[in-house]
Amino acid sequence: HVQLVESGGGSVQAGGSLNLSCTTSGYTWSAYCLGWFRQVPGKEREGVAIVDSDGTTRYIDSVKGRFTISQDSAKAWLYLRMDSLALEDTGMYYCAMSPLECYLDSWSEDDFKYWGQGTQVTVS
């Protein structure tokens, strides 16, 4: 079965950087969509960045130029490099996977079937 496990969260000062990782295993499809989402208490979960199985990426405006989503060549790891972190980047970060190609122009959590348990990012 599909498993996603995040790591790399933590506490960092504003302006700092963090690298999030997510192991992806148990899937067999060649076309898929991977994404990073975040959520703060009292707010809806927000899609931060996505990457298609062919490597196409998309970001929400608030993280463009600061965050980078990527996969390793073996397609077993998903990463989120976060630079110039701001207070509003605080939240629980989740990796998610869909067995379908990304909806590149608009995506939501409803598109993703598999989720990790989350890793906390706190910016102060």
Side-chain angles (χ1 to χ4, degrees):
H1 63 286
V2 178
Q3 282 192 307
L4 306 173
V5 180
E6 303 95 338
S7 60
S11 297
V12 64
Q13 290 189 332
S17 298
L18 278 176
N19 288 304
L20 303 185
S21 301
C22 174
T23 61
T24 59
S25 62
Y27 69 95
T28 58
W29 42 83
S30 58
Y32 55 80
C33 183
L34 284 164
W36 285 100
F37 288 75
R38 65 187 178 193
Q39 189 171 27
V40 297
K43 291 189 176 181
E44 292 185 357
R45 191 149 52 183
E46 173 184 49
V48 174
I50 58 172
V51 58
D52 213 331
S53 47
D54 66 0
T56 303
T57 59
R58 291 290 188 271
Y59 302 88
I60 56 171
D61 288 344
S62 62
V63 307
K64 284 180 181 177
R66 301 189 298 121
F67 289 13
T68 304
I69 187 171
S70 63
Q71 264 198 293
D72 71 317
S73 58
K75 305 291 183 74
W77 287 85
L78 176 70
Y79 303 106
L80 186 68
R81 168 73 180 184
M82 305 186 293
D83 295 316
S84 302
L85 282 161
L87 298 178
E88 53 266 33
D89 295 319
T90 293
M92 184 70 77
Y93 281 70
Y94 300 88
C95 66
M97 190 172 198
S98 165
L100 303 174
E101 293 183 353
C102 294
Y103 294 102
L104 295 175
D105 294 330
S106 65
W107 68 91
S108 74
E109 61 178 306
D110 294 336
D111 301 331
F112 293 82
K113 182 177 181 179
Y114 304 99
W115 294 84
Q117 82 288 350
T119 186
Q120 178 68 35
V121 171
T122 303
V123 184
S124 61

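Hydrogens, waters and symmetry mates play no part in the numbers below; they use all other heavy atoms, side chains included.
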Roughly how far, to the nearest 0.5 Å, is [atom2] of [Y] from [atom1] of [X]?
| X | Y | atom1 | atom2 | result |
| --- | --- | --- | --- | --- |
| Glu46 | Ser62 | CD | OG | 5.5 Å |
| Tyr93 | Leu80 | OH | CG | 7.5 Å |
| Asp111 | Ser106 | CG | OG | 7.5 Å |
| Ile50 | Leu104 | CD1 | CG | 5.0 Å |
| Thr57 | Asp52 | OG1 | CG | 10.0 Å |
| Cys22 | Ile69 | SG | CD1 | 9.5 Å |

Less than 4.5 Å apart, side chain to side chain, heavy atoms only: is that true for [X] and [Y]?
| X | Y | answer |
| --- | --- | --- |
| Trp115 | Met97 | no |
| Val121 | Leu20 | yes |
| Thr23 | Gln3 | no |
| Thr122 | Val12 | no |
| Tyr32 | Pro99 | no |
| Leu34 | Gln71 | yes |
| Leu78 | Trp36 | yes |

Taking the six-membered ring for Trp and the single ring otherwise, decide whether the centroids of Tyr114 and Tyr27 are under 6.0 Å apart.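 Ring centroids of Tyr114 and Tyr27 are no less than 6.0 Å from each other.
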Counting the benzene-type ring for Trp, do Phe67 and Tyr59 have ring centres under 6.0 Å apart?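 That pair fails the under 6.0 Å test.
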Connected via hydrophobic side-chain network under 4.5 Å: Phe112 and Tyr103: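 No, no single cluster joins them.
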If two hydrophobic side chains count as joined below 4.5 Å and joins carry through other members, does Leu85 share a cluster with Ile60?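 Both belong to a single hydrophobic cluster.
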We want to know whether Ser17 and Asp83 form a side-chain donor-acceptor pair, criterion being a heavy-atom distance below 3.5 angstrom.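 Yes - a donor-acceptor pair under 3.5 Å links their side chains.
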Nearest heavy atoms of [X] and [Y], plus distance in Å:
| X | Y | value |
| --- | --- | --- |
| Gln120 | Gly91 | NE2-O, 3.5 Å |
| Trp77 | Asp72 | N-OD1, 2.8 Å |
| Ser53 | Ser30 | CB-O, 3.4 Å |
| Trp107 | Arg58 | CZ3-CB, 3.6 Å |
| Thr90 | Val40 | O-CG1, 2.9 Å |
| Glu6 | Cys95 | OE2-N, 2.9 Å |

Does CD in Gln117 sit with more than 12 non-hydrogen atoms of other residues, nucleotides or ligands closer than 6.0 Å?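 Counting other residues, nucleotides and ligands, CD of Gln117 exceeds 12 neighbours.
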Any donor-acceptor pair under 3.5 Å linking the side chain of Thr119 with the backbone of Gly9?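 Flag set: sc Thr119 to bb Gly9 pair under 3.5 Å.
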Check: Ala76 main-chain N/O paired with Thr24 side-chain donor or acceptor under 3.5 Å: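 Between the backbone of Ala76 and the side chain of Thr24 there is a qualifying donor-acceptor contact (under 3.5 Å).
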Do the numbers put Arg38 on top of the ring of Tyr94, so that NZ or CZ is under 6.0 Å from the six-membered ring centre and no more than 45° off the axis?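 No.
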Salt bridge or not between Asp89 and Arg66? Use side-chain N to carboxylate O under 4.0 Å.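 Here Asp89 pairs with Arg66 in a salt bridge, since their nearest N and O are under 4.0 Å apart.
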